[in-house]
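These numbers come from the heavy atoms of this one structure, side chains and all, not from hydrogens, waters or symmetry mates.
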Amino acid sequence: RSVAARVESEAKALWAQLEQRRKDANQHRMEIDAQMTAEEAARNEQVMALAARVEEIKEDAEVEVATVRTNVDKNEDVRQESVLAFEKLLESEAEERKEL
């Protein structure tokens with residue numbers, strides 16, 4: 001009987017160790033899952049922040065492009081006015097020469 005009792009006692013001890021290791025493994029897995037979830041949330045937050053920044057840059061670029069286009073249009077208007085003024089000046093000088 002003492003051998004059977006000892007075997008049963010060792011079996012119970014081994015079973016208890018196995019159960020504890022299973023519980024430890026489950027706890028470890030849950031900790032890893034929580035860590036991975038936190039890391040994924042942090043990455044998602046970074047991605048969202050970068051996406052927002054890209055959108056801001058895009059909007060800023062659109063404003064800059066509109067400003068450049070406006071300036072180009074204004075410069076073209078000024079150029080055309082200058083050409084007309086120069087042509088009038090040439091015509092005026094040509095008429096003055098005729099009169100002389």
So does Arg43 pair up with Glu40, basic N to acidic O under 4.0 Å? no
Verify whether one side chain among Gln80 and Glu76 offers a donor that lies under 3.5 Å from an acceptor in the other. yes
Test: Asp33 and Arg29 ion pair at under 4.0 Å: yes
Step-by-step side-chain contact (heavy atoms from CB on, under 4.5 Å) determination, Glu96 to Ser92: CA-CA 6 Å; Glu96 285 181 10; Ser92 168; 3.8 Å; yes
Would the number of heavy atoms belonging to other residues, nucleotides or ligands and lying under 6.0 Å from CZ of Arg22 be above 12? yes
Nearest 0.5 Å, what's the CG-CE distance between Leu50 and Met48? 10.5 Å
Any Leu84 side-chain heavy atom under 4.5 Å of Glu81 side chain: no
Can you tell me which residue among Gln20, His28, Arg21 is in a side-chain hydrogen bond (donor to acceptor under 3.5 Å, both in side chains) with Asp24? Gln20
CD (Glu8) with more than 12 external heavy atoms under 6.0 Å: no
Are any of the side-chain nitrogens in Glu95 or Lys98 under 4.0 Å away from the carboxylate oxygens of its partner? no
Check: Val63 main-chain N/O paired with Thr67 side-chain donor or acceptor under 3.5 Å: yes
Arg6 vs Glu10 side-chain heavy atoms within contact, under 4.5 Å: yes
Is it true that Glu19 and Lys23 make a salt bridge, defined as a side-chain N closer than 4.0 Å to a carboxylate O? no
Where do Glu87 and Val83 land on the side-chain contact (heavy atoms from CB on, under 4.5 Å) test, with the steps shown first? CA-CA 6 Å; Glu87 288 173 351; Val83 167; 3.6 Å; yes
